[in-house]
Protein chains: 2
Amino acid sequence: MKDGKAGGVQAVTRALTLLRLLGGGSEGQRVTDLAQEAGLAVSTTHRLLTTLEQAGFAHFDPTGATWHVGREAFAVGAGYLQRRSYVAPALTYLRRLRDDTRETANLGHLEDGQLVTLHQVESREIMRAISPPGGRVPATCSAMGKALLATWPDAQIAEFCARHGVLTMTPRSVSTEAELHRQIGTIRARGYAVDDEEHARGLRCVAAAVRGPDGEAVCAISVSAMAVRLGDDRVEEVARRVIAAAEALTHRIGGAPAAG
Amino acid sequence: MKDGKAGGVQAVTRALTLLRLLGGGSEGQRVTDLAQEAGLAVSTTHRLLTTLEQAGFAHFDPTGATWHVGREAFAVGAGYLQRRSYVAPALTYLRRLRDDTRETANLGHLEDGQLVTLHQVESREIMRAISPPGGRVPATCSAMGKALLATWPDAQIAEFCARHGVLTMTPRSVSTEAELHRQIGTIRARGYAVDDEEHARGLRCVAAAVRGPDGEAVCAISVSAMAVRLGDDRVEEVARRVIAAAEALTHRIGGAPAAG
DNA sequence: AACGCCTTTCCGCATCGTGGAAAGCTTTGC
DNA sequence: GCAAAGCTTTCCACGATGCGGAAAGGCGTT
């Protein structure tokens, strides 16, 4: 047929066109109108819609005989957002970050008060990272953890401390709630968090939070390096790149830069 | 063929199955695996995926040769939410509810006898939601579902049972119509509904209905938490907050507090 | 260099989707 | 209250269209 482009499965292409019309159009569309808009025969349209309904992607409202987007379509779309959809798109930015800084770039999120490293792009210079993917650290001992905490309201942070305590891993780790709150203030002002040998001796990290579509922080990006290679003079430059990566990823996953 | 159910357009049904797999499965799936999961020939799967990609519903990542849900799928799903004018205003109240209770706050509505979770603001303490956005549960196994049913006249509830049956998900789920009617009475008297491990073992929810301008219940708000974290002593306090949130949203969308 | 495992393309066959036509079903006008 | 209009829904014979086995093309591994 002359359905415009070849290559695809006709019936499927048509069904998807209808699905798009259902999602984009005004509320409650009738078979005849949909058929016209899609340029299909009414009977064909009806058959396709019925099929979409059987799969839960379309919904038919008997009162008024109108068609709507179904729950499955929503479920699939929601999966697109929620299903850790930031890991795959993050890879590009992590890699660039690693190449720009020549240090290890990390992606992590919070789980039960701990920071879990989800992915890591290793520095080509230095061997073996301290915290491999899957590794866990108390949130307050990690730059990524602190960057994420800093996006929370103060009351939540206090609650977090009450629940999990303020755990330490090195003599330099944040050890009191007051100290944590002080640091959080700095993090919010600067837009990035620093871990200065608070997780492991000789290791420094710089991190920034990534936000999801609803403005909530979903994960964080960091650069970690041997402290000797990441002096005070270099932190700001690295931080700038980390923030840029975090913002780029925020944008990429349809995130809102500011929270509510 | 013996594709389970007849009536639908084969190619479309199959394509939708793939789409669901893309949305539901782990991120980044290969053709071979998808084919196996869907019970299709590899070549067929590949052709259907290609078609989905042409329409923007699937996305192919050349590095790693993996398939992902596409932007169009998300766009269509978003239409599902946009169409419901109460979703956007609800976010504020959900977030506040989460912050006040430190548990996960949910928004849901009924479709085809099932409760569909529309939005979720996750507890910061606990990860992994049982029922993520897009997820469905039989209405009677859910606090939100029961809260909504309770706003209906008895005759309609009876009809609902006749149509959908009284489905159960755990040994604690409501299993008879009589039991349901008893609970509905309690819900009406108290103003809130409880799901005590009736949907998933170890999970408790407290929900209240939100009404639209015509006094009809349009959606429900709930707080869900691990049962150990939501003891009998805490239910009343949480319920008070859930009801407040539901009333606030009712008011916000110009709803009438009481039914006709 | 040869293997194994995967993606991608090809092609002949018959299955499956197609659209016109006709049958149901409401709503509207008189 | 009846008829006509306009819609949804079902039916069916035809042939275009999607099917899947097989083969070709890539890529990493042994």
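Order of the sequence lines fixes the chain letters, A, B, ..., with proteins taken first and strands second; residue numbering starts at 1 for each chain. Only a predicted model underlies this, so the values are computations on that prediction, with no experimental measurement involved.
When each of A/T44, A/T51, A/L48 is checked for a side chain to side chain contact (heavy atoms under 4.5 Å, CB included) with A/L18, only A/L48 meets the rule.
Spacing between atom CD of A/Q10 and atom C1' of C/dG19 amounts to 11 Å, rounded to whole angstrom units. The nearest whole Å value for the distance from the CG atom in A/D33 to the P atom in D/dG6 is 14 Å. Rounded to a whole Å, the CG atom of A/D61 is 16 Å from the C1' atom of C/dT26. Taking atom CG on B/L48 and atom P on D/dC19, their separation rounds to 6 Å, with Å as the unit. We find that CD of A/E53 is positioned 13 Å from C1' of D/dT9, with the value rounded to whole Å. The distance between atom CG of A/L49 and atom P of D/dC7, rounded to the nearest whole Å, is 16 Å. Rounded to whole Å, atom P of C/dC6 lies 10 Å from atom CD of B/Q36. Here the P atom of nucleotide C/dG19 and the NE2 atom of A/H46 are 15 Å apart, to the nearest Å.
Residue B/F60 has its side chain nearest to C/dT8 when only D/dG18, C/dG19, C/dT8 are considered. With C/dC10, C/dG17, D/dT8 as the choices, the nucleotide that has an atom nearest any side-chain atom of B/V9 turns out to be C/dG17. If you check C/dT8, D/dG18, D/dT8 against the side chain of A/V31, the one that comes closest is D/dT8.
With hydrogens and angles ignored, no donor-acceptor pair under 3.5 angstrom links the side chain of B/T44 to the base of D/dG18.
In summary, the side chains of B/S222 and B/N106 do present a donor paired with an acceptor at a separation below 3.5 Å, with no hydrogens or angles considered.
Closest non-hydrogen pair, B/T151 versus B/R211, comes out as CG2-NH2, 3.5 Å. The shortest non-hydrogen separation linking A/H199 to A/C141 is CB-O, 3.1 Å.
Under 4.0 angstrom from either OP1 or OP2 of D/dC19 there lies at least one side-chain N or O belonging to B/R14. Under 4.0 angstrom from either OP1 or OP2 of D/dC7 there lies at least one side-chain N or O belonging to A/R30. At C/dT18, one or more side-chain N or O atoms of A/R47 fall inside 4.0 Å of OP1 or OP2 (strictly under the cut-off).
Judged by the 6.0 Å and 45° rule, B/R84 forms a cation-pi pair with B/Y80.
A residue-by-residue look at A/T32 and A/V12 shows that A/T32 has its nearest nucleotide of DNA chain D further toward the 5' end.
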